Each structure stands twice: as C-alpha cells, then as structure tokens.
Amino acid sequence: MRLRFAPSPTGQLHVGNARTALFNWLLARGSGGTFILRIEDTDVERSSRESEAAIIRDLRWLGLDWDEGPDASGAHGPYRQSERLHLYQSYAKELLGAEHAYYCFCTTAQLDAERQDAVASGRPARYAGTCRRLSRDQAAARIIAGERPAIRFRVPQEHDVVFADAVRGDVRFQADVIGDPIIVRADGAPAYNFAVVVDDALMEITHVIRGEDHISNTPRQILLYEALGFTPPTFAHLSLVMGPDHSPLSKRHGATSVAEFRSKGYLPEALVNYLALIGWSPRDAGGGRAGGDDDELMPVDELARRFSLDRVGHSAGVFDEEKLAWANRHYLKIADSARLAELALPYFNVAGVRMTPDEDGIAFLAFAMSMARASVDRLNQVPARLALLFDYSAEATLRDPAVREEMRGDGARAVVTALAEELASAPRLDRERFRAVANQVKARTGQKAKALFHPIRLVLTGRAEGPELDLAVPAIDRGADLPASAGIPPILGCRERAQAFAEALKQ
RNA sequence: GUCCCCAUCGUCCAGAGGCCUAGGACGUGGCCCUUUCAAGGCCAAAACGCGGGUUCGAAUCCCGCUGGGGACGCCA
C-alpha cells in the first residue's frame, strides 16, 4: 500500500487535516505500506515556504513520519508540485493531442455570468462548453493573436461515473452534471484536479484517504485517470470535523490548528489518540453487550495495528475539547517526568517565572512535576499548580480574610507555633520526615485531620488549596537546597516559611 | 438552484433483522474515599429525527420527508 498526505502550504495545519494525515499514516504503518508527503503548492499566490515548514514541523510533532517527501527523497520525486511542472505540461500536451482536452478562451467575467444564469434558471452550475467546439485552427489563430487560453479536460458525456468508496460504498454521478474542468491555467500552472491525478498515478498511490469535500472532485479525476491510461486508486472519503454548533470547525470555535493545541499544552500522543477517535473506533469498542473494557486510549502503534477503513464512520464528528483534555490527562499521568519538565519550561517563562535550568534544575522540576501531572489538564496549567514553590509570602497569605478567620482559632494558632518550633531544628523534609513532623505537631496540639493539616498547608504553601502535602513539602525543601547554578528561581524552605508565618501571625 | 454525502444519549462511538429492558467513553449530577483542590472508585440521568413500507419480527433493509454537511473556482 502506498498512501500520501498532500497539504497545500497555505497556512497552519488544521486539526481536520491532521486527522486526514493521521488516518493515511495509520493505514500505511499498520499495513507495512509506504507513507508519502507531497506538497501541493501550485497556487503560487497563496503558497509559502513558511507554511510548508510549519506543516512539516507539526506533522513531525505529531509523530507522523513519512518515507518519501520533499525533505526525504524517494524514487517518485520530486515531492513538491512546483518542481513537477514539466510533468504536467507533458501530460497536458498528450491530452490535447488526443482531443481529450481543449483550449478555453472564456474570461472569468463571462464564466461568472454564465454560472449565475444557470443557477437562476435552475440548471446545474457547470461550464457551458463554449470553447469545446473550437477547431484546432481557430484556437491556434487566437493564441497567435495573443490570447492566453486555459486548458480544459473534455469530460466524456456518455457514461455515469461510479466508484467504490472504501468507507461509503458505491457513489454514483451522472456524467452530464460534471462540467469540463480546467486542467492548466492560463498562466501555465496546473490546476488541482489535474496535478493530483498525475501525481497520484506517477507516485503509484494505491489508496487516497481525504476529506469528504473532495467527493465531488472524484468523478472528474477518475475520468482523467482513464483518459491518461492510468488505473485509479481506491478512494476513501472521510466525513468532516465540525465545531460544537455543527458548522465547519473554525477560529470562532477556539483553537483549530495543531500549533495552537501544542501551545496550549496538549501532548502530541493525546491529540493523535483523540483525533483517531473521531470517526473511527477500535473493533471491540465499548465491549458490546459485555460492556466494560475501556480501550479508547491506546498508544499510537496499537492504533496503527488496529486501524482499518471499514471501521471508519460515515457521519461528521464534532470536535470535543473536553474529551481531548481527558486523553491529555491520561498521557500526562504516564509521561516521563523529565520530558514533562522540559516541555513545561516555556510555560513558566510565559507565567513570569524565569528559569534556565541545568541538569539538576530539570531533575528538580521532574521531581516537582509529581504534584502537577495528575491534577492538570494541560501543560500550560503547570506553572499555576507549582506556583507555591516560587511564590511564597506569609504576609500575603495572612491578608486573605478567610485565612485570618481560620487563624483566629486557638487550635490553628497552636499548630502554627508547634510547626515552627518543630521545624526550627529539623533537617530538610522528605516525605517521611514531614509525616513525622506532622505527627509531632499533632501530639503537641491535639489537632487532627483537617484541623491539623489545613493550617500546615497554609503555613507551608501559603495557599488554602493545592497538591497533596506529601508531594508539595518534599518538593519545597528539595528546591530550597538547590544551588543557584541549577537555574531555578530561589525557593524558600519549609523551616523558613514556618518561621516567617509564625512571625507574621504575631503582628 | 443542481448534484453528492450523512442521520443512535449534549458529544464521540458500538450496534451489520430476533442476543436491545439499545452498550461503552467524554461531559453532567449524586455518593464514597480524603489532609484542601484535583485525581480515583461506585451509582444515576441521558438517544435510535418523522412518515410509510418489507418481514412473524427493524435502530438495523427499501422509499419519501425533514434536518445537517459538502461540491458546483483559471483554490486545494
């Protein structure tokens, strides 16, 4: 099997396109086939190298690698349409010679008027065929006279076109609603319908998985394959991804590009897993009547192993960021800590916590990550969850009316005092030592459960809520001992925090 | 307007004539756990668009309607 993803480099990689790329990749990888990246940049106006680079970066980020492509070489290159112009030219000439194509001199204004007319009178809005009957001589004369014609494909009117879509089954079009498409523009550039056919044929693509918006292009393309003497590939049209209001997913629904989801702090494996679930489900999803085994979350290699086109659904899917977040939480929990620490770095800087950690610094962050990874949806929430490390002020905490109220109680005050005293002579805390200290405070004050731990939380973290103290306390004290060279902002230790809090409380 | 595609809980899916009192997941609500917020565990509410057929029997097949989406570019 040879499959391809063929984006036009005219902007960011949209999640809908990413899903199309993913389905192609999944089928290629799951079948031991070949995955090809081809850049469709025949529209010089809109295409840019920046977009191409961005798309390549995003595909790589998602982990969708290709065997042949503009940067990878391969036996069927080049893989950029702008570098294949000579091929289109030669096939266009062939079509012209065989009378399968003809020159069209119609102007855009003329075409627009005809189209409006057709719609107004209830006829199909397709090319009227004005230049179809022009003789070679007539055409040649007009070209010599300086006119710049486009080239149109002569759609045979005899037969209907039927193709077996791998996800939908037979799709039938009446030939007489298919207008003659432009295959080469007046400026000599090939048009989409022509370039894809030439490329897919020459690159020996066996399966074309693409969006449903291409379904009505398919009959013209099949006719072009036939006129060129090529065998059409198997087509599979995917339904589109919609926004919550069932309109096409767009910026007004929020994030739509892969780059945006990355910068919000989603993990690539989460996006990939979630995207695979829109319009596809693993064979025993839901466990049928047996119920139970939740097997929607799976690593990408398993996705590839289990993917098949006959499990792809027919109806459009709504992009649900809540479910994406759920997948992300899952992958956050099982991801490697050091990797997470590295990935979280940019978010700290955005949050105003400047840091340039060295190896020790990363190791520390990885350790601290344990108190964020299980309680956060996205990486961009990590700094807030870890703010208690870098941002501590007993005075600020005590300015909170609710805290003042809590500290009016004798029990809470006793806990604060006892904690400060216990800590005054204690070494840095790890989990066990913290528990021992907590027990001491409990013994000395008689406070327990919430009445014991909540004041401790206030004192040590400066906050009424946050990660488990078992996790937060060791992280704070480990951070307090970090040398400046670690590149982590200074962290006030538990001992110092308790001292400061007790002092501040006396005021 | 013409052509094409689609139609099960709010959302994503399972369901390929009797296994359906329609199953799972996300989300939502409740309860439990608990050292706070989360997380986690358990429970619950929640759907076959409508109308005709076919059949002993239809979510499943056929037709129509309605609804949604797509295409009709010298964009891809």
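Keep in mind the model is a prediction, meaning the values are calculated, not measured. Letters A, B, ... are given to chains in the order of the sequence lines, protein chains preceding strands, and every chain is numbered from 1.
- Contacts classified as salt bridge (Lys or Arg N to Asp or Glu O under 4.0 Å) and involving residues 104-123 of chain A (residues at least two apart or in different chains) are given here: A/Asp112-A/Arg115.
- Listed pair A/Thr10 / B/C75 fails the phosphate criterion, with no side-chain N or O lying under 4.0 Å from OP1 or OP2.
- Considering only the side chain of A/Glu40, B/A76 comes nearest among B/U35, B/U36, B/A76.
- Look at A/Arg463 and you won't find any side-chain N or O under 4.0 angstrom from OP1 or OP2 of B/U35.
- Nucleotides B/U60 and B/C72, compared at atom C1', are 34 Å apart to the nearest Å.
- Atom C1' of B/U54 sits at a distance of 16 Å from the matching atom of B/G18, rounded to the whole Å.
- In this structure, A/Gly279 reaches the sugar-phosphate backbone alone: every heavy-atom distance under 4.0 Å involves primed, P, OP1 or OP2 atoms, never a base.
- Within the 4.0 angstrom heavy-atom criterion, only backbone atoms of the sugar-phosphate kind lie near A/Thr42; the bases stay farther away.
- In this structure, A/Phe194 places its CZ atom 13 Å from P of B/A76, rounding to the nearest Å.
- The existence of a salt bridge linking A/Asp180 and A/Arg154 is excluded, since no basic side-chain nitrogen approaches an acidic carboxylate oxygen closer than 4.0 Å.
- Look at the P atom in both B/U8 and B/G68: the space between them is 14 Å, to the nearest Å.
- Note: CG (A/Leu460) to P (B/U36) measures 16 Å, nearest angstrom.
- Using atom C1' as the reference point in both B/A25 and B/C9, the two lie 12 Å apart (nearest Å).
- Counting non-hydrogen atoms under 4.0 angstrom, A/Arg385 reaches a base of the nucleic acid.
- Within the nucleic acid shown, A/Arg168 comes within 4.0 Å of sugar-phosphate atoms alone, with no base atom in reach, counting heavy atoms only.
- Nucleotides B/G52 and B/G40 have their P atoms positioned 47 Å apart, rounded to a whole Å.
- Computed from coordinates, the A/Asp400 CG to B/U36 C1' distance equals 14 Å when rounded to whole Å.
- When both distances must be under 3.5 Å, the Watson-Crick or G-U wobble mate of B/C20 does not exist.
- Comparing B/C4, B/G27, B/C6 by their closest approach to the side chain of A/Trp326 singles out B/G27.
- Taking atom C1' in both B/A22 and B/C63, one finds a spacing of 25 Å when rounded to whole Å.
- Closest non-hydrogen pair, A/Arg404 versus A/Arg399, comes out as NH1-CA, 4.4 Å.
- Residue-level contact check: A/Ser315 touches the backbone only, with heavy atoms under 4.0 Å from sugar-phosphate atoms and none from bases.
- The interatomic distance linking A/Arg457 (CZ) with B/U34 (P) rounds to 16 Å, in whole Å.
- OP1 and OP2 of B/A16 both lie 4.0 Å or more from every side-chain N or O belonging to A/Arg311.
- Contact detail for A/Val272 and A/Val300: the closest heavy-atom pair is CG1-CG2, 3.9 Å.
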When you compare the protein's N or O atoms with those of nucleotides 64-74 of chain B, which come within less than 3.5 Å of each other, and at what distance?
residue: B/A71; atom: O4'; partner: A/Ser216; partner atom: OG; Å: 3.3
residue: B/A71; atom: O2'; partner: A/Ser216; partner atom: OG; Å: 2.5
residue: B/C72; atom: O2'; partner: A/Ala125; partner atom: O; Å: 2.0
residue: B/G73; atom: OP2; partner: A/Arg115; partner atom: NH1; Å: 2.7
residue: B/G73; atom: N2; partner: A/Arg46; partner atom: NH2; Å: 2.9
residue: B/C74; atom: O2; partner: A/Ala186; partner atom: N; Å: 2.8
residue: B/C74; atom: N4; partner: A/Cys106; partner atom: O; Å: 3.0

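- Taking atom C1' in both B/G69 and B/G27, one finds a spacing of 25 Å when rounded to whole Å.
- Applying the salt bridge (Lys or Arg N to Asp or Glu O under 4.0 Å) test to pairs two or more places apart or on separate chains, those with a residue in residues 246-255 of chain A are A/Asp245-A/Arg252.
- Contact annotation for A/Gly466: base contact, defined as any heavy-atom pair under 4.0 Å involving a base atom.
- For A/His314, the side-chain atoms get nearest to B/C6 when compared with the rest of B/G24, B/A76, B/C6.
- A 3.5 Å limit on both hydrogen-bonding distances identifies B/G10 as the Watson-Crick or G-U partner of B/C26.
- Below 30°, between 30° and 60°, or above 60°: for A/Phe235 and A/Phe163 the angle between ring planes is above 60°, a perpendicular geometry.
- We find that A/Arg373 and A/Asp336 are not joined by a salt bridge, their nearest charged nitrogen and carboxylate oxygen being 4.0 Å or further apart.
- The distance from atom CD of A/Glu468 to atom C1' of B/U34 is 9 Å, rounded to the nearest whole Å.
- Distance CD (A/Glu296) to C1' (B/G27): 13 Å, rounded to an integer number of Å.
- The nucleotide B/C65 finds its pairing partner in B/G49, both defining distances of the Watson-Crick or G-U wobble pair being shorter than 3.5 Å.
- One finds a salt bridge joining A/Asp470 and A/Arg435 here, because a Lys/Arg side-chain nitrogen approaches an Asp/Glu carboxylate oxygen to under 4.0 Å.
- At the heavy-atom level, A/Lys448 lies nowhere under 4.0 Å from the strands shown.
- Ranked by how close their nearest RNA chain B nucleotide is to the 5' end, A/Arg435 and A/Asp41 are led by A/Arg435.
- At whole-Å resolution of the value, CG in A/Asp310 and P in B/C13 are 16 Å apart.
- Within a 6.0 Å radius of CZ in A/Phe173, more than 12 heavy atoms belonging to other residues, nucleotides or ligands are found.
- Taking atom C1' in both B/C75 and B/G70, the straight-line distance is 15 Å, to the nearest Å.
- Taken residue by residue, residues 83-90 of chain A places no heavy atom nearer than 4.0 Å to RNA chain B.
- Here the P atom of nucleotide B/A39 and the NE2 atom of A/His330 are 16 Å apart, to the nearest Å.
- Distances shown here put every side-chain N or O of A/Lys323 at or beyond 4.0 Å from the OP1 or OP2 atom of B/C13.
- At a threshold of 4.0 angstrom between heavy atoms, the contacts of A/Asp165 with the nucleic acid are absent.
- Contact annotation for A/Tyr192: base contact, defined as any heavy-atom pair under 4.0 Å involving a base atom.
- Regarding contacts with the backbone of B/U36, every side-chain N or O of A/His454 stays at 4.0 angstrom or more from both OP1 and OP2.
- A/Gln81 and A/Asp199 share a side-chain donor-acceptor pair at under 3.5 Å.
- In this structure, the side chains of A/Val184 and A/Tyr88 stay at 4.5 Å or more apart for every pair of heavy atoms.
- Nucleotide B/A39 forms a pair with no other nucleotide shown, judged by Watson-Crick or G-U wobble geometry with both contacts under 3.5 Å.
- With a cut-off of 3.5 Å on both Watson-Crick or G-U wobble distances, the partner of B/A59 is given as none.
- B/U2: Watson-Crick or G-U partner is B/A71, with both key distances under 3.5 Å.
- Counting only residues at least two apart or on different chains, the salt bridge (Lys or Arg N to Asp or Glu O under 4.0 Å) pairs with a member in residues 444-467 of chain A are A/Asp391-A/Arg463, A/Glu421-A/Arg444, A/Glu422-A/Arg444.
- Pairs of residues two or more places apart, or lying in two chains, that qualify as salt bridge (Lys or Arg N to Asp or Glu O under 4.0 Å) and include a residue from residues 207-223 of chain A are A/Arg168-A/Glu212.
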